[in-house]
Amino acid sequence: MAPENNYKTNCAPRTIHPSRFLTTIVLFALCGLSSSAASALDTLPTPAMQTSTVPSPQAPGDLRAMVAAGSLPDLRWPNFADHQADVAKFYAAGGYALAWVDDGQPTAQAKAIIDLFKQASLKGLRPDDYDASLWDGRVAALSQSNPHPADTNLTKFDLALTVCAMRYMSDLHIGRVNPQYFKFGLEMGPTTYDLAELLRTQVIQAKDVGGAVAGVEPRYEGYQRAEIALAEYVKLADHGDGAPLLLPLKSVHPGDIYPGITPLVSRLRQLGDLGPDDGAPADTTVYHGALVDAVKHFQRRHGLGPDGTLGTETVVQLNVPLNERVKQLQFTLERYRWIPPDFPQPPIVVNIPEFKLRTMRRQPAPFLSMRVVVGKAYGHKTPVFADYMRYVIFRPYWNVPMSIQFGELVPKIRRDRDYLAEHGFEVTTSSGTVVTEGTVDDDVLRQLHSGALTIRQKPGPKNALGLVKFIFPNHYNVYLHSTPQLELFLKTRRAFSHGCIRVQDPVALAAWVLRDKPPWSVDKVQAAMNGDQTIQVGLDKPIPVLILYSTAVVEPDGEVRFFRDIYGYDSAMDKALAGAYPYPR
């Protein structure tokens, strides 16, 4: 995912260290409670709190039991076991006094955070996960009570609001679904934060609740741009999709007759590809003029070849319901929440469905952007993960993976015993000793088939890795590298590799990576790539590399771009979020 196009150093820390509580008391009703929640329930903030033995209307005696139960039937999603320890700690820190009511009525802060629940869709979240549609009734019920609501009603209101607030803030901060649920090599966002402490010290007495809550969101400008775009697309979706475009029997080229000109004009105006001042064709059947330019603009925004031709794929993308575009932007926001809030230095980002590599814009180094080739959708997907680039190898050997040796090369050798020699390969032992770089005899073939011998490709322009590779050691054995197959970068859909990532401009990337090592100018990089030796260059400071997945990206100028869900991860996200709360953690 490359929705973040900038990088800010020294981000404000989000870790809040919990205070040490001074005393404990023995409690009851802890059957089935987790040890962490029980520990929080057993703590009080000061010895003075222990002198109060009679619960007041603001500290109902059954609040502890409700928290200990880990479930509240009044909630849309009654089970709050995933936040039970946080809830217990939150109330223990306040002596089990209610936090969101004053004199029997909701506090200003309670009303403010309820308003945030109602607007959760603008954050890419689902309002009813936080009982958005139920709060007006709950507030009205308290207001209608005379003279004061019953203790039980106050307690349920307060506990429900605490649970919903924690769910909301957690979802804003680290996302709803754990990325490891999708087998992604990402940690679940910045998890070292204290929800209970955050809520108690920064929200329940805040003058600006919205500002306090916003502090937990990702700080990337790309995230903020995606929020703005989401609001725009929600409005568009609310107005409906309009008439679907007619799928042509054959591609429509500029100057051709197309009977669906009127809905095409309407759709392109709706999406902003055809400007309000761009005149629509006077002839409502001929496809030409400003309409062709608008289609090209649409194609560029949707990862299609901008040829201006109304082919099947272009019309299919024009007909995608706006609610689906809303989801794509929502998923972009969710995936931002998985990214750590800061790095030791700006990362290199590869967005798989966009087929693009880019660096961060706001940093001393120049901004870099280039096309990439990623893994095939079937059997060779490029993994989603984060790691650190540590060295660069010029004129590398390619050590052929066993899966490729068994599945591809051994069958080719059977058909042509000189195949390896003709393509620059050599057979080696496990220690790297060369067995043969010529004709493969029966004995060598048997050992290749069993895995006793391995294959590697010698350095040079025919090497599958090209003339340079960028190593960030990982258990996927995936890295960035150049390629002799430059024609692949001319294609719009570039999923052709076995999982590694081929870069369009390896010289520029190598110079960027080695920019802090003065001898390694562009000229020196080119000389190393075209030399006759294999050279490994270590980095003084490892560079973070993020291999991410986002089908929606918002550029700094506000242009929204959408890409196909080539690996089906959007569909998997949609399915994961279709169930009950809590979502897969």
R300/D273 under salt bridge (Lys or Arg N to Asp or Glu O under 4.0 Å): CA gap, chis, key distance, verdict: CA-CA 10 Å; R300 279 192 295 269; D273 297 289; over 6 Å; no
Take R267 and D241 through the salt bridge (Lys or Arg N to Asp or Glu O under 4.0 Å) test and state the conclusion after the steps. CA-CA 8 Å; R267 187 66 157 174; D241 293 308; 3.8 Å; yes
Please walk me through it: do R564 and D570 pass salt bridge (Lys or Arg N to Asp or Glu O under 4.0 Å)? CA-CA 9 Å; R564 286 164 289 191; D570 277 7; over 6 Å; no
With side-chain contact (heavy atoms from CB on, under 4.5 Å) as the test, would you mind laying out the steps for I547 and V384 before giving the verdict? CA-CA 5 Å; I547 313 298; V384 175; 5.7 Å; no
Run V392 and F394 through side-chain contact (heavy atoms from CB on, under 4.5 Å) and show every step you take. CA-CA 7 Å; V392 178; F394 294 102; 4.1 Å; yes
Check the pair D278, L268 against side-chain contact (heavy atoms from CB on, under 4.5 Å), reporting the backbone distance first and the verdict last. CA-CA 11 Å; D278 295 334; L268 291 170; over 6 Å; no
T483 and V373: side-chain contact (heavy atoms from CB on, under 4.5 Å), yes or no, with the steps? CA-CA 10 Å; T483 178; V373 173; 5.9 Å; no
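In this structure, CD in E217 is found 3.5 Å from NZ in K123, a value given to the nearest 0.5 Å. Note that CG of L195 and CD1 of I174 are 8.0 Å apart. Values are rounded to the nearest 0.5 Å. Interatomic distance, K381 NZ to I352 CD1, rounded to the nearest 0.5 Å: 10.0 Å. Between the CG atom in D442 and the CD atom in Q447 there is a gap of 11.5 Å [rounded to 0.5 Å]. To the nearest 0.5 angstrom, Q345 atom CD is 9.0 Å from Y388 atom OH. L480 contributes atom CG, which lies 11.5 Å from atom CG of L465 (distance to the nearest 0.5 angstrom).
Residue pairs satisfying the side-chain hydrogen bond (donor to acceptor under 3.5 Å, both in side chains) criterion with at least one member in residues 485-503, sequence neighbours excluded, are listed as follows: E408-H498, Q485-R502.
Nearest heavy atoms, P584 versus Y181: CB-CD1, 3.3 Å. Between A237 and V326, the closest heavy-atom pair is CB-CG2, 4.2 Å. The two residues H253 and T309 come nearest to each other via the heavy atoms ND1-OG1, 3.3 Å. Taking each heavy atom of S121 and L230 in turn, the nearest pair found is O-CD2, 3.4 Å. Counting all heavy atoms, side chain and backbone alike, L539 lies closest to L514 at CD2-CD2, 3.5 Å. Of all heavy-atom pairs spanning P353 and S550, the tightest one is CG-O, 3.2 Å.
Here the side chains of L448 and L409 are not in contact, with every heavy-atom distance at 4.5 Å or above. Looking only at side-chain heavy atoms (C-beta outward), F355 and F489 stay at 4.5 Å or farther from each other. You'll find the side chain of R390 reaches within 4.5 Å of the side chain of P473, heavy atoms only. Side-chain contact between R301 and L271 is present, with heavy atoms from C-beta onward closer than 4.5 Å. With contacts defined as side-chain heavy-atom distances shorter than 4.5 Å, the pair P506/L467 does not qualify. T332 has its side chain out of reach of V554: every pair of non-hydrogen atoms, C-beta onward, lies at least 4.5 Å apart. The closest side-chain heavy-atom distance from W512 to I348 is below 4.5 Å. The shortest side-chain heavy-atom distance between V374 and Y567 falls under the 4.5 Å cut-off.
The six-membered or imidazole ring of F184 lies away from that of Y549, with a centre-to-centre distance of 6.0 Å or more. Taking the six-membered ring wherever Trp is involved, the centroid distance between the rings of F182 and Y569 does not fall below 6.0 Å.
Distance alone, capped at 3.5 Å, is enough to place a donor-acceptor pair between the R417 side chain and the V440 backbone. Side-chain N or O atoms of R395 include one that pairs as donor or acceptor with a backbone N or O of G531 at under 3.5 Å. Checking side-chain atoms of T436 against main-chain N and O of V427 turns up no donor-acceptor pair under 3.5 Å. With hydrogens and angles ignored, the 3.5 Å screen pairs a side-chain donor or acceptor of R225 with a backbone N or O of E555. For Q405 (side chain) and L453 (main-chain N/O), a donor-acceptor pair under 3.5 Å exists by modelled atom type. Put simply, the side chain of W398 never gets that close to the backbone of F425: no donor and acceptor are under 3.5 Å apart. E354 places no side-chain N or O within 3.5 Å of a backbone atom of V553 that could act as its donor or acceptor partner. A distance-only check finds no donor-acceptor pair linking the side chain of R337 to the backbone of S170 [under 3.5 Å]. Under a 3.5 Å cut-off, the side chain of D565 and the backbone N or O of T551 do not form any donor-acceptor pair. Remark: the backbone N or O of D441 is not paired with any side-chain donor or acceptor of R446 at under 3.5 angstrom.
No hydrogens or angles considered: a donor-acceptor pair under 3.5 Å links the side chains of T314 and Q299.
The side-chain contact (heavy atoms from CB on, under 4.5 Å) search around R325 returns Y233, H302, Q317, V320, Q328, F562, not counting sequence neighbours.
Figure legend: R361 and F367 shown as a cation-pi pair, the cationic atom lying under 6.0 angstrom from the six-membered ring centre and within 45 degrees of its axis.
Counting non-hydrogen atoms of neighbouring residues, nucleotides and ligands closer than 6.0 angstrom, the OH atom of Y476 exceeds 12 such neighbours.
When each of I413, V435, N399 is tested with I455 by the rule side chain to side chain contact (heavy atoms under 4.5 Å, CB included), just one qualifies, namely I413. Of the listed residues (K327, R176, R126), just one forms a salt bridge (charged side-chain N to carboxylate O under 4.0 Å, His left out) with E334, and that residue is R176.
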